[in-house]
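Inspection log for the structure reproduced underneath, given as structure tokens.
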Amino acid sequence: MENTPISNFLQTIISDDLAEGRVAEVVTRFPPEPNGYLHIGHAKSISVNFGLAQANGGRCNLRFDDTNPEKESQEFIESIQADVKWLGYEWSGEVRYASTYFQQLYDWAVFLVEQGKAYVCDLNAEEARLYRGTLTEAGKNSPSRDRSVEENLDLLERMRAGEFDEGAKVLRAKIDMASPNMNMRDPILYRIRKVTHHQTGNDWVIYPTYDFAHGQEDAIEGVTHSICTLEFEDHRPLYDWFIESLPVNSRPHQYEFGRLNPSYTITSKRKLKQLVDEDVVIGWDDPRMPTVSGMRRRGYSPTAIRKFCDMIGTTRSDGVVDVAMLEFAIREDLNENAPRAMAVLNPLKVVLTDYPVEQVEELVTPCHPSREDLGERMLPFTRELYIDADDFREEANKKYKRLVLGKRVRLRNAYVIEADEAIKDEAGNIIEIHAHTIPNTLGENPEDGIKPKGVIQWVSAAHGERAELRIYDRLFNHESPDKGDNDFMDHLNPESLSLVKAAWVEPSLKSAVPEQRFQFEREGYFVADRYDHSSERLVFNKTIGLRDTWNG
RNA sequence: UGGGGUGUCGCCAAGCGGCAAGGCACCAGGUUUUGAUCCUGGCAUUCAGAGGUUCGAAUCCUCUCACCCCAGCCA
């Protein structure tokens, strides 16, 4: 992958550290907890961490922060690895797990106890909350705070041995219950959880908390720049406290950046899970989901997602990014790289009355207007065709550039035709158009000088293929669905999915393979569904429409 | 109201004492067998606000205001 030059506050810090010799090699890490699928916000974190390592000749680890077995699973571990790979990144060495450091972490906990810097606390969760104080009032010391080192050592060992019930005891750091930073009020290092861990099985009944684990994991791996989001800023003093209190063999530093908030979307794992659990969407990889796997199924490319992350930059300010930028990124990639094809979503039959009944012309057409390397495909042209019902009107003003009775239009990549008659049923609905071709207009303008004003797509009625088209729109119709008093469930877009069960598409599409992307001309970008599409059943998902500046 | 942060065009974002990059969006033209693409031009006398320092401030100082995060044995 190309090393695009990055310029942001993190790169500045790294450049200085390298220049001053504070670090010899840049080591970062992407540390997801395997308790859900990756979403666009994670994609940004991945882009930041892997991107910085790449740009500075360093390395980036993939490390599962699996310190809370209750919420985690192997399913998520696998999906996360697949997503990172799909995005085009390669982690350094083997996949890491916080759980492989559990023994080291425990040894360090013992060390803190021996130093008189940690103690076993008997307060239950409710009591601990009361003792913690509030944002404006100092907390009170736990009655367990002054236990002897010997007693603490004994109790900790027995916690590990499973002698106590869940919640009965915790190990806490002895720092300062009056600290204005809540994280420093004797934070919890270990809690008792008698559950099977997806990696370590039943080896442990006590598990380290994020705070006690994260910085030490970084130190063990030699991470130099531990990059996370802004909400962890208050944890940095604690992160440093552990690193300075423990005999670790490297000195990582934590830096924070502002998390990504795209408009019209939510990125809370809890809320995304709710959408899945309540069947609002069909799963984590529903094409409407802002998950990496959802965007993949929707037709977004890794290139576009990475481009988007580069476009929005990395800063410490917290804002809402217009999804139009994401849409721009995917259009830019697909405009350049997606082969063109024709599809008719709302079919209206056209009979070319002057065209021989049995005749079939094989029109060889480029797959892309400027990319010759994308090849050609064959378009069969016949007497009966389908065009989109929206592309015909009995009468219209001059702004309308499609087919009108008595007027001409260009059939894309084929002839100019002129509409003669609209055939209607008893109810007055137009069911068929009779038209005729203008001679010698294949690749040429009409000889009489009367040029058609517009161009429309078409599919041969005799050769077209039926296809199911899934038309997606944004999942929410509110710019910030979950900000302030908003209940995101109140802002679901009822039209986020509409099915076109029987569109007509050009025959070349029969050979499309799952995940192949196309531009259906004048309609938008579509991708053959990753799971449901086959040559026997054509299924395409709409990724994004073409930019539309026509307000008529 | 304790602590930690952030405030530069509708949105994102450069800028780090010398006189406001860029992208998205938008608007106006041009090209065009996709009302797409592409091309050209427009789009902050002003940097949350008020004072101050300075020949000179978005950049330094002071105060004010707004918004975000923190009281999980979640991460």
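All figures in this text were calculated on a predicted structure; none of them were measured in a lab.
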Between A/Gln11 and A/Ser15, is there a side-chain donor-acceptor contact under 3.5 Å, judged purely by atom types and distance?
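Yes, because at least one side-chain N or O of A/Ser15 sits under 3.5 Å from a partner of the opposite role on A/Gln11.
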
Indicate whether the side chain of A/Arg522 and that of A/Gln457 have a donor and an acceptor atom separated by less than 3.5 Å.
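A pair is found: one side chain offers a donor N or O, the other an acceptor, under 3.5 Å apart.
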
Give me the distance, rounded to whole Å, that separates [N] from [M] when you measure between the [atom1] atoms they each carry.
{"N": "B/rA20", "M": "B/rU59", "atom1": "C1'", "answer": "11 Å"}
{"N": "B/rC68", "M": "B/rC26", "atom1": "C1'", "answer": "29 Å"}
{"N": "B/rU8", "M": "B/rC60", "atom1": "P", "answer": "15 Å"}
{"N": "B/rU37", "M": "B/rA58", "atom1": "P", "answer": "37 Å"}
{"N": "B/rC16", "M": "B/rA28", "atom1": "C1'", "answer": "37 Å"}
{"N": "B/rG23", "M": "B/rG35", "atom1": "C1'", "answer": "25 Å"}
{"N": "B/rC69", "M": "B/rU53", "atom1": "P", "answer": "39 Å"}
{"N": "B/rC67", "M": "B/rG72", "atom1": "C1'", "answer": "25 Å"}

Rounded distance in Å - [atom1] ([X]) to [atom2] ([N]):
{"X": "A/His42", "N": "B/rA75", "atom1": "NE2", "atom2": "P", "result": "14 Å"}
{"X": "A/Asp318", "N": "B/rG7", "atom1": "CG", "atom2": "P", "result": "10 Å"}
{"X": "A/Tyr207", "N": "B/rA75", "atom1": "OH", "atom2": "C1'", "result": "17 Å"}
{"X": "A/Phe520", "N": "B/rU34", "atom1": "CZ", "atom2": "P", "result": "19 Å"}
{"X": "A/Leu334", "N": "B/rU34", "atom1": "CG", "atom2": "C1'", "result": "15 Å"}
{"X": "A/Asn183", "N": "B/rC70", "atom1": "CG", "atom2": "P", "result": "10 Å"}
{"X": "A/Lys401", "N": "B/rA36", "atom1": "NZ", "atom2": "C1'", "result": "11 Å"}
{"X": "A/Glu521", "N": "B/rU34", "atom1": "CD", "atom2": "P", "result": "8 Å"}

Does any donor-acceptor pair link the side chain of [X] with the base of [N] at a separation under 3.5 Å?
{"X": "A/Arg402", "N": "B/rG35", "result": "yes"}
{"X": "A/Asn181", "N": "B/rG4", "result": "no"}
{"X": "A/Gln519", "N": "B/rU34", "result": "yes"}

Is it the case that the ring center of A/Phe308 lies less than 6.0 angstrom away from the ring center of A/Phe328?
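No: the rings miss the under 6.0 Å criterion.
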
RNA chain B nearest-nucleotide lookup for A/Glu166 and A/Arg236: closer to the 5′ end is A/Arg236

5′-ward residue of the pair A/Asn445/A/Leu123 relative to RNA chain B:
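Nearer the 5' end of the strand: A/Asn445.
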
Shorter than 3.5 Å, N or O on both sides, protein versus nucleotides 37-40 of chain B: list them out with atom names.
{"from": "B/rU37", "atom 1": "OP1", "to": "A/Arg547", "atom 2": "NH1", "distance (Å)": "3.4"}
{"from": "B/rU37", "atom 1": "OP2", "to": "A/Arg547", "atom 2": "NH1", "distance (Å)": "3.1"}
{"from": "B/rU37", "atom 1": "O2'", "to": "A/Asn335", "atom 2": "ND2", "distance (Å)": "2.9"}

Measuring to OP1 and OP2 of [N], would you say a side-chain N or O of [X] lies under 4.0 angstrom away?
{"X": "A/Arg193", "N": "B/rC74", "result": "yes"}
{"X": "A/Thr136", "N": "B/rU1", "result": "no"}
{"X": "A/Arg132", "N": "B/rG72", "result": "yes"}

Is it true that, when you exclude A/Glu395 itself, more than 12 heavy atoms of the residues, nucleotides or ligands shown sit nearer than 6.0 Å to its CD?
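At most 12 heavy atoms, drawn from other residues, nucleotides or ligands, come within 6.0 Å of this atom.
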
Taking the inter-plane angle between the rings of A/Tyr37 and A/Phe76 on a 0 to 90° scale, is it parallel (under 30°), tilted (30 to 60°) or perpendicular (over 60°)?
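Perpendicular: the ring planes of A/Tyr37 and A/Phe76 meet at over 60°.
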
Syn or anti for B/rG72, taking syn as within 90° of 0?
syn

For the residue pair A/Arg193 and A/Tyr207, would you count it as a cation-pi contact if the rule is NZ or CZ under 6.0 angstrom from the ring centre and within 45 degrees of the ring axis?
no

Could you tell me whether A/Arg63 sits above the aromatic face of A/Phe30, with NZ or CZ closer than 6.0 angstrom to the six-membered ring centre and within 45 degrees of the axis?
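Not satisfied by the 6.0 Å and 45° rule.
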
Is A/Glu327 salt-bridged to A/Arg474, going by a charged N under 4.0 Å from an acidic O?
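Answer for the salt bridge query: yes.
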
May I ask you to say whether A/Glu126 pairs ionically with A/Arg129, meaning some side-chain N is under 4.0 Å from a carboxylate O?
yes

Select one nucleotide: of B/rA75, B/rC11, B/rG5, the one nearest the side-chain heavy atoms of A/Met325.
B/rC11

Looking at the side chain of A/Arg191, which of B/rC73, B/rA13, B/rG72 is the nearest nucleotide?
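Given the options B/rC73, B/rA13, B/rG72, the side chain of A/Arg191 is closest to B/rC73.
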
Would you say the side chain of A/Val205 lies within less than 4.5 Å of the side chain of A/Arg160, judging by non-hydrogen atoms?
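A/Arg160 does not reach A/Val205 side chain to side chain.
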
Between A/Met182 and A/Arg132, is any pair of side-chain heavy atoms under 4.5 Å apart?
yes

Scan nucleotides 15-17 of chain B against the protein and return all N/O pairs shorter than 3.5 Å with their distances rounded to 0.1 Å.
none

